[in-house]
Amino acid sequence: MSSLSPIQIPSRLPLLLTHEGVLLPGSTMRTSVDSARNLQLVRSRLLKGTSLQSTILGVIPNTPDPASDAQDLPPLHRIGTAALAVQVVGSNWPKPHYTLLITGLCRFQIVQVIKEKPYPVAKVEQLDWLEEFPNTCKTREELGELSEQFYKYAVQLVEMLDMSVPAVAKLRRLLDSLPREALPDILTSIIRTSNKEKLQILDAVSLEERFKMTIPLLVRQIEGLKLLQKTRKHKQDDDKRVIAIRPIRRITHIPGTLEDEDEDEDNDDIVMLEKKIRTSSMPDQAHKVCVKEIKRLKKMPQSMPEYALTRNYLELMVELPWNKSTTDRLDIRAARILLDNDHYAMEKLKKRVLEYLAVRQLKNNLKGPILCFVGPPGVGKTSVGRSVAKTLGREFHRIALGGVCDQSDIRGHRRTYVGSMPGRIINGLKTVGVNNPVFLLDEVDKLGKSLQGDPAAALLEVLDPEQNHNFTDHYLNVAFDLSQVLFIATANTTATIPPALLDRMEIIQVPGYTQEEKIEIAHRHLIPKQLEQHGLTPQQIQIPQVTTLDIITRYTREAGVRSLDRKLGAICRAVAVKVAEGQHREARLDRPDVAEGEGYREHIVEDTKPESISDTTDLALPPEMPILIDFHALKDILGPPMYEMEVSERLSQPGVAIGLAWTPLGGEIMFVEASRMDGEGQLTLTGQLGDVMKESAHLAISWLRSNAKKYHLTNASGSFDLLENTDIHLHFPAGAVTKDGPSAGVTIATCLASLFSGRLVCSDVAMTGEITLRGLVLPVGGIKDKVLAAHRAGLKRVIIPQRNEKDLEEIPGNVRQDLSFVTATCLDEVLNAAFDGGFTVSTRPGLLNSKLLA
């Protein structure tokens, strides 16, 4: 043998102590460094060193490094491997450590340990040399019979592996290119051996001994591979036999019977999925996509993440109701009866549903309308949607949009994302299983917007009858026809709905209920429902209409009936307690197995004594059936009344007027209060007013100042300049509630006119309307809700703009009978209607001044 470029290691080496694996010359190994001395070695030697010599370490196997520097070094293994540190990777989790990639160079023997801290350093003696041997005939002749035998076994082992794998082909080439002396160490590190066997090979310094110890390890590995290949061959033969049998069975089965085919395909999910795709009635475009995906699925191994994604996609495609629909019930008479039984009032809404049914009788392929019910909470918008589905005989699905701020909730995620899923529209269709359900998009006015997109913009395609026949969900990536779906959206206000989305929907206003409607709803629907929920019967409790009216006027103030329903539930719970107590006492008195005697009679006396001194209004005692709920019972159960009629009290002094306001919860009455004091002519506005309402206040005071002489309005000093040495304070009570809008203009003007004239505004008059600088009264919105609020508050006269007279047709007839309406075109007419005896120009100045000075 001849050496061309021998590499000699340093005579002193830092020692890396390992106990997990054994590094042999010529092999590569990763090892974790987390002990004190090894960490110090990496930081001081490897990370700070700049020369090639600083990357050479002495790896000592089978020697654990102590956890602390204070502990002494354990006995070191005599022979180690000089290694080259190729890579160092550090991490702080779960604790500071390094991972080293090291390559073995040659063996060495420890002569003497020079130092132990901060890391061990030893004087070493090199045992073998890392040399390159030429691949010549002379070299082969010098190798003995032992190396030839080893080489034969090594080639046999490698050729039993799959040569198409690049690593196996490279190993085969290395067998011919590397010197025979290096092969035992390299192959020992590759084949399956224990650390103990590797340690024996490392300790074998003699080349002949190394060959003798490695050959049995190669033979053992070869026998194991032969056994494995034999087992695999049997399994492949069985699979081929099964595959060969299946086509025969399919050919020989009788046409029209699927027993044999189903028996074969029950456990084959892909075949079943392919069959569903073949028999489904999806459009051609969707069918082509499914066929393409099923071909990809067959070629994928089940361990790939994309396998599950593709399979879920195909299962969704076959489950969607592409052409499955329900038949509509088009009997208009039955539909009218069903709607009337489920809901009281709501005539406009019922009329629209019946119109849709009538047109469907004449035209089968009518596109589903896009309806939007707008009204305050608690008026039954959501339950009406469910009743519409029941009337049509369609499936019903509710989608809550409140707080949704991601467009993917509507249109789905693209399948490139992990955890992608379809949007709520496609999921809802999968849930109901038909393509013509009733979809209720609840709280569409409460959609949000975020960095993930605008869901309101995504709804534009869904709620457009001209576009939703080919709605494309990002997950499906295939068009789906939504034109047969009846979409019903609900909202409390249209102010927060984008104009483009609002334009695509047919708005149907669902106003608040009148007192008479609430009484009918309570006795037709709410009270029977509460009695059933609490296990009561009409023979046990009676709630007359007078009591219901007291609950509506004194304990609730709302446009809907939710609070009324809760109050009725509280009454039923209180009655249920009394009924249960009465039954318990009757059962205890009638029980025959109770012990007799003096003690028993005393027990009865104690129980009956409170009953004998009871008072007729004490509901704590077992009552006589049925229990009648009157005003006294209401006070005991619900407490004192929460709301009182305070109109007459609030209008007991000049400078107060009643306005009408619209809120998303329905209409409300609004008091406007004004006072004046000595000052510098400033106008103070309080009550959380918006800019529009502040401008209305300035308009009112400007109009009154310009017409002060006409109406003989003066300040406290008798001057027609109302703001001369006078400050005015306007306040709108309920200061915590934000208020804005132009409809308070006439109320502010009337309030200030009352202040400067010293006359009282009529206590039963409310008003609404926008004013101009010329004193004209302009129309406003929400007339129906405002009139209903005035009716609930017990007012008798309402002043509205003349151009709003057309809105009175929407008000129920009984409300119009109870109220007197005054239509006004200018502020002169408003003032004449707001004050007793009118507010005319002919008022005598002397009488006016005497009132102000009084």
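Just so you know, these numbers use all the heavy atoms, side chains as well, and skip hydrogens, waters and symmetry mates.
- Taking the charged nitrogens against the carboxylate oxygens, K381 and D442 have no contact shorter than 4.0 Å, which rules out a salt bridge.
- For E809, the CD atom sits in a loose shell: 12 or fewer heavy atoms of surrounding residues, nucleotides or ligands are nearer than 6.0 Å.
- Under the 3.5 Å distance criterion, the side-chain polar atoms of K786 are matched with a main-chain donor or acceptor of G781.
- Here the side chains of L459 and L401 are in contact, with some heavy-atom distance below 4.5 Å.
- Judged by distance alone, the side chain of N436 and the main-chain N or O of V485 form no donor-acceptor pair under 3.5 Å.
- Looking at T548 and H523, their side chains do bring a donor and an acceptor atom within 3.5 Å of each other.
- Residues V478 and T472 are not in side-chain contact: their nearest non-hydrogen atoms beyond the backbone lie 4.5 Å or more apart.
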If you apply the rule side chain to side chain contact (heavy atoms under 4.5 Å, CB included), what do you find for D454 with Q407, and how did you get there? CA-CA 5 Å; D454 186 3; Q407 69 160 350; over 6 Å; no
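- Here the side chains of I521 and L564 are not in contact, with every heavy-atom distance at 4.5 Å or above.
- Taking the charged nitrogens against the carboxylate oxygens, R394 and D328 do have a contact shorter than 4.0 Å, which makes a salt bridge.
- The CD atom of E395 sits 11.5 Å away from atom CG of L429, with the distance rounded to the nearest 0.5 Å.
- With rounding to the nearest 0.5 angstrom, the OG1 atom of T416 is 10.5 Å from the NE2 atom of H474.
- At distances below 3.5 Å, not a single donor-acceptor pair connects side-chain atoms of Q302 with backbone N or O atoms of Y307.
- Residues I771 and L778 have side chains not in contact (no heavy-atom distance under 4.5 Å, counting atoms from C-beta outward).
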Do F373 and T382 pass the side chain to side chain contact (heavy atoms under 4.5 Å, CB included) test, and can you show the C-alpha distance, the side-chain angles, and the key distance before you say yes or no? CA-CA 9 Å; F373 300 157; T382 303; over 6 Å; no
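- Nearest heavy-atom pair across D473 and I410 is OD2-O, 3.9 Å.
- Side-chain contact, H343 with S387: a donor N or O sits under 3.5 Å from an acceptor N or O.
- Atom CE in M346 sits 12.0 Å away from atom CG in D340 (nearest 0.5 Å).
- At a cut-off of 3.5 Å, with distance as the only test, no side-chain donor of K367 or S483 sits close to an acceptor on the other residue.
- At least one donor-acceptor pair under 3.5 Å links the side chain of Y313 to the backbone N or O of L476.
- Side-chain contact, E558 with T556: no donor N or O sits under 3.5 Å from an acceptor N or O.
- Within the 4.5 Å cutoff, the side chain of R557 has no heavy atoms near those of the I552 side chain.
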Please tabulate, for the side chains in residues 282-296, all donor-acceptor contacts under 3.5 angstrom to protein atoms that are two or more places apart in sequence or on a different chain.
residue, atom, partner, partner atom, Å
E293, OE1, R296, NH1, 2.9
R296, NH2, E306, OE2, 2.5

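- Using a distance-only test at 3.5 Å, with no hydrogens or angles considered, a donor-acceptor pair links the side chain of R504 to the main chain of L460.
- Here D464 contributes atom CG and F487 contributes atom CZ; the two are 11.0 Å apart, rounded to the nearest 0.5 Å.
- With F821 as reference, V798 is the one residue of I783, V798, I799, N804 to meet the side-chain contact (heavy atoms from CB on, under 4.5 Å) rule.
- Comment: R311 engages E315 in a salt bridge, judged by a side-chain N to carboxylate O separation of less than 4.0 angstrom.
- Nearest approach of F480 to W322, heavy atoms of both residues: CD1-CZ3, 3.4 Å.
- Listed here is the closest heavy atom pair of I669 and A789: CG2-O, 3.9 Å.
- Across A559 and V379, no two heavy atoms sit closer than the pair O-CG1, 3.9 Å.
- Remark: side-chain polar atoms of D740 are paired, donor with acceptor, to backbone N or O of M693 under 3.5 angstrom.
- Across all non-hydrogen atoms, the minimal contact from A700 to I748 is CB-CG2, 3.8 Å.
- Around atom CZ of R803, no more than 12 heavy atoms belonging to other residues, nucleotides or ligands sit under 6.0 Å away.
- Between the side chain of R816 and the backbone N or O of I811, at least one donor-acceptor pair lies under 3.5 Å.
- With respect to the salt-bridge test (charged N to carboxylate O, under 4.0 angstrom), the residues R386 and D342 do not qualify.
- The shortest heavy-atom contact between K694 and L689 is CE-O, 3.4 Å.
- For the residue pair N435 / Q484, no side-chain donor-acceptor distance below 3.5 Å is found, with atom types taken as modelled.
- To the nearest 0.5 angstrom, M670 atom CE is 11.0 Å from I658 atom CD1.
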Please report the C-alpha distance between M642 and R554 in whole Å, then the side-chain angles of each, then the deciding distance to 0.1 Å, and finally whether the side chain to side chain contact (heavy atoms under 4.5 Å, CB included) criterion is met. CA-CA 6 Å; M642 299 174 61; R554 294 174 174 269; over 6 Å; no
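- Annotation: side chain of S743 is not in contact with side chain of W662 (no heavy-atom distance under 4.5 Å).
- Heavy-atom neighbours of K449 NZ from other residues, nucleotides or ligands within 6.0 Å: at or below the threshold of 12.
- Around CD of E532, the count of heavy atoms belonging to other residues, nucleotides or ligands within 6.0 Å does not exceed 12.
- Counting heavy-atom neighbours within 6.0 Å of R414 CZ, excluding the residue itself, gives a total of 12 or less.
- Remark: the T494 side chain and the D445 side chain contain no N/O donor-acceptor pair separated by less than 3.5 Å.
- Salt bridge R411/E461: present, at least one basic N to carboxylate O contact under 4.0 Å.
- Proximity of a side-chain donor or acceptor of K739 to a complementary backbone N or O of G687 within less than 3.5 Å is detected.
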Let me see the working for H397 and F439 under ring-ring contact (aromatic ring centres under 6.0 Å, His included), right down to the final yes or no. CA-CA 5 Å; H397 185 72; F439 269 12; 5.5 Å; yes
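- Formation of a donor-acceptor pair under 3.5 Å by the N323 side chain with backbone atoms of S281 is found in this model.
- Under a 3.5 Å cut-off, the side chain of K350 and the backbone N or O of A345 do form a donor-acceptor pair.
- Separation of atoms CD (E520) and CG (L526) is listed at 11.5 Å; rounding is to 0.5 Å.
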Let's go through F396 and K390 carefully: what are the C-alpha distance in whole Å and the side-chain angles of both, what is the deciding distance for side chain to side chain contact (heavy atoms under 4.5 Å, CB included) to 0.1 Å, and is it a yes or a no? CA-CA 8 Å; F396 177 78; K390 183 180 176 183; over 6 Å; no
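- Between V462 and L482, some side-chain heavy-atom pair lies under the 4.5 Å cut-off.
- Side-chain contact between L441 and T490 is absent, with no heavy atoms from C-beta onward closer than 4.5 Å.
- A donor-acceptor contact under 3.5 angstrom links the side chains of R566 and S563, judged on distance only.
- The residues K430 and E319 are annotated as salt-bridged, a charged nitrogen and a carboxylate oxygen being separated by less than 4.0 angstrom.
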Applying salt bridge (charged side-chain N to carboxylate O under 4.0 Å, His left out) to E506 and R352, what does each step give before you reach the verdict? CA-CA 10 Å; E506 180 181 346; R352 182 63 183 88; 2.6 Å; yes
